[in-house]
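One structure is given here, and the rest of the page talks about it.
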Amino acid sequence: MPALSSTMKEGKVVSWLKAEGDPISAGEAIMVVESDKADMDVEAFEDGFLAAIITGEGDSGAVGAPVALIAAEEGDIPALQAYAATLSGAPAPAAAAPAAPAAVAPKAAAPKAAAAAPAGAAAGGRVVASPLAKKKAAELGLDLSTVVGTGPGGRITASDVENASSGAAPKKAAAPAAPAKPVHIPAPGVIAATPTARALAKKAKIDLSTIQGTGEFGRVTADDIKMATGEKKPERKKAAAGGAAPVELPDGFVAFTTMQRAVSNNMEKTLTTPIFRVSREIEMDAFNALYQSVKPKGVTVSALLAKAVALAIEKFPIINSSYENGGTNFKADINIAMAVAIDGGLITPTLKYANERNIMELGENWKELVGKAKAGTLSPDEYTSGTFTISNLGMFGVSQFDAILPSGQGGILAIGGTQEYIVPDKQAVLGMKKVSKMTVTLTCDHRQIYGADGALFLKELSNVMTSPQVLMK
Amino acid sequence: MKITSALSYFLFAAATSSSVALTFTPTSSKLSPSSTAFSTTFRRQYAPSKTTMLRMSDDSTGEYDFDVIIIGCGVGGHGAALHSRAQSLKTAVFAGGDVGGTCVNRGCVPSKALLAASGRVRDMKDAAHLSDLGIAVEGDVTYDREGIAAHAKNLANRVKGNLENSLIALGVDVVEGRGVLTGNANEVKDEATGKVYTAKDIILAPGSIPFVPPGITVDEKTVFTSDGALELPYVPEWVAIIGSGYIGLEFSDVYTALGSEVTFIEALPMLMPTFDREIAKMAERMLIRDRPIDYRTNVFASEVTPGIPGEKPVTIKMIDANTKEHVETLEVDAAMVATGRVPNTANMGLESMGIETQRGFVAVNEKMQVLTKHEDGEVVPGVWCIGDANGKMMLAHAASAQGISAIENIAGREHAVDHDAIPAACFTHPEIAMVGPTEEQCIERAEKEGWTLGKSQGNFRANSKALAEGEGNGIAKVLFNKDTGKVVAVHIIGIHAADLIQECSNAVAAGTTVQELSMMVHTHPTLCEVLDEAFKGAVGMSSH
């Protein structure tokens, strides 16, 4: 980095006028540097080849620091590039495009007779394609030299051939031809490409003759190159049926909020827990009847469910335990956490000592907790002290689902919606009756809790809920 | 100084029928100041009409029909006519069917209109620049080609009308027909009517026409000169511009702003061959490198064949300037020929007066008197030549200045135009402007004449106003005589360069020294502080 003025301490490279591998001669301008005063061209002092760029466009370097390496001999370039890579600690800037993913191959299968417009030039280089790609191309009658390869080193893969033949690239609005119009064939030696197309193709190391041009007289335009490198996507038809306004879909990366990040981290932590799941259908008629009677007093279904689960856990305390290295960590407190969806995320307010408190108190407490959850004012103790979790999606019409077991707990109960069934009943009129049933699914940590434990717990829960007067004690 | 390659035009804001004050600063101390503002004495009171009847009666100066006949109604002729009337001289202008001349109809005026419109399109599409200022444009910026072309045409017509009215209001006789010399002294014939008029002095101001090199077929549709380009009949996808001087550069600015791609074809080894080299290098970076423009130098367009829009492209064969071997053929949508202008002096009777031209250029002395030939010619009494036709400085305001100078001499006050003090500008975005010779020429001159050259620079990067606009690119370079302190030349590239150059050309004209300039207060915050930085720097002072 030269000192372009006496006050300059560092300079920003505005642009490189030469690319890696280009020959340079003494006195030739090779880069433009922005100093504290103005943009200046910087010339090479010696002849040689620009082997490796250390400070890229837009980056700054201190005055006196090396910004590029120049090789005296062309053969020295690879060694210098390797050296440069060690300096920056990053891989040397790769040539763009042919490795670009999802390249939309140019519409090579166009009916236009003069598709091979830049006529003689296509015959040039070797076409590298995988065996399957060659076979597919032969099947489809596709000229491989017109397909852009996205495989290693620009190799044409089978999917490239498929993309090219499926006509993935829609017609550009500006495409010149009604097929009836005579297609112009450039005179021999004429490169049918605009100045920017040529510059972009050179930078992306794309052979112009492989690109179908959509400009005037069939010449290749910058947009054609950009489509080939995947930088530009073909225009999508936005019009929906009946002239409805197009749907605005979220697009692009949106960073997590703190809560979302916390949930995501917690979920990842659960991946190492070995779990199993047990489901059971529970008849809900008695429970529903009880709920109707206590509803006026402000008791919610959630509170009732929490108490029912807590009473079942009393009989099978292993469900309330957590795995600890070498043993089981039993917890005497039964704190039922219930998942609540709030704006921007989800949180688990907890009903503590749910087995000990009466249903009214639990109902009050739950209302309070939900209010705080929505306002974002829950204290950590109110949402991190759960020993067992209930997740209820029944209100959305879900019939059954499995919940993910949170770390540090033994079990989580996933509750589906209540549905009505006709079941046989010898004692009923016509030998059948209607019952309401709800499917619950228990997910447990199999390190300390076994299948039978889970099954027995669910049976106990079913007993509690079908004889729910015990909840009123 | 003869400039024969492609040059710029200047907007000459023609006066309306109100008074015009013309002041002229003579360069030689023995000359008296010229006469000043008009009074209403000289205004004829009659209904203005486009073609006036010639008055042969009352005000005639005796033996001649007119004191001064001016052949050509362009900027040069107009300037001469206004100044002639200021001296109360009976004046006639032969318009040759082209009131306003090149500048108004086919040059400065319409091209500035195109540059203004396309410049705004460029600014509004420059999302990065706008976002630096905190602005975003939602949706696409679109333009209507016809609307832009109409703006240029309407402006040209308006200025043309104003110009003609200004002449008539001042009592100039405007003759429709083309004026030619008859071979007899003091005579001018109206080619349209055949009538012969006499005048004591005849000023030739026939102007110039675009030069089309051999091998290039112009159809003014797909292959066109600046005449055709200004109509803007369509915006080509890819246009080749043959010649990289002011005109070519300005048009590349218009075309690329409107969405075209450009290839310059230049015969000399470098682009913008007449520009100062340092400025040309910056211009290459600011006006060419980041735009959809590429170029070929050292090549001639040996054969240019017009195309048919939609059917056949324009074919351009290029040969190496030295070896004359074929190097490349281009197929483009349009080709613009911007290879300079040649004098419009054919068939106007020059030979009949014994006047020999060189490539069409008329030889003149420093007083604008016509000489019989360029080498050791003799003065042809009573005949003067101004503007592009004499080739001394092919710019509109130079023509006007020469016209005024000729009238000064006719009025008996010896005068010579100091061409070194006449500025020039190129109205690209950003603009380029200059007064005086290039740095390379200054170095030669200093060595030859035995003085020390000083150089000082101001940077737009350091200027608050430029930075506020987000236009911090550019420099102003002041070249001065270290021994006397006088400013010799100034070159500016940057936003509003064309306006900034004025204080510099005033300094050159008046012989102001950098010492004096360094003490002159420049408004803050304005772009002129770039010059202030340079002036102060020249004398070792720092500026803000």
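Below, chains carry the letters A, B, ... as their sequence lines are ordered, and counting in each starts from 1. These numbers were taken from a predicted model, which means no experiment stands behind them.
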Quiz item: Is the number of heavy atoms from other residues, nucleotides or ligands under 6.0 Å of B/H429 NE2 greater than 12?
Solution: yes
Quiz prompt | Residue B/D140 excluded, over 12 heavy atoms near CG under 6.0 Å | solution = no
Quiz item: Relative to chain A, which segment of B/N473 carries a heavy atom at a distance below 4.5 Å: side chain, backbone, both, or neither?
Solution: side chain
Practice problem: Under 4.5 Å heavy-atom distance to chain B, tell me which part of A/A199 shows up: side chain, backbone, both or neither. | Solution: neither
Quiz item: Do other residues, nucleotides or ligands put more than 12 heavy atoms under 6.0 Å from the NZ atom of A/K18?
Solution: yes
Quiz prompt | Shortest non-hydrogen contact from A/S15 toward B/R289 | solution = OG-NH1, 4.5 Å
Quiz item: Is the count of non-hydrogen atoms from other residues, nucleotides or ligands lying under 6.0 Å from B/Y295 atom OH greater than 12?
Solution: no
Quiz prompt | Minimum heavy-atom distance between A/E216 and B/D333, given as atom pair plus value | solution = CB-OD1, 3.3 Å
Quiz item: Do B/D294 and A/R198 sit within salt-bridge range, that is, some charged N less than 4.0 Å from a carboxylate O?
Solution: no
Practice problem: Measure across A/R219 and B/E331 and return the closest heavy-atom pair with its distance rounded to 0.1 Å. | Solution: NH2-O, 3.3 Å
Self-check item: Whether over 12 other heavy atoms sit under 6.0 Å from B/K317 NZ
Solution: no
Quiz item: With respect to chain A, which residue among B/K312, B/M282, B/E328, B/E237 yields the maximal number of heavy-atom pairs within a distance under 4.5 Å?
Solution: B/E237
Quiz prompt | For the student: nearest non-hydrogen atoms of A/V190 and B/T329, plus distance | solution = CG2-O, 3.7 Å
Practice problem: Examine whether an atom of A/V14 lies under 4.5 Å from a heavy atom of chain B, and if so say whether it belongs to the side chain, the backbone or both; otherwise answer neither. | Solution: neither
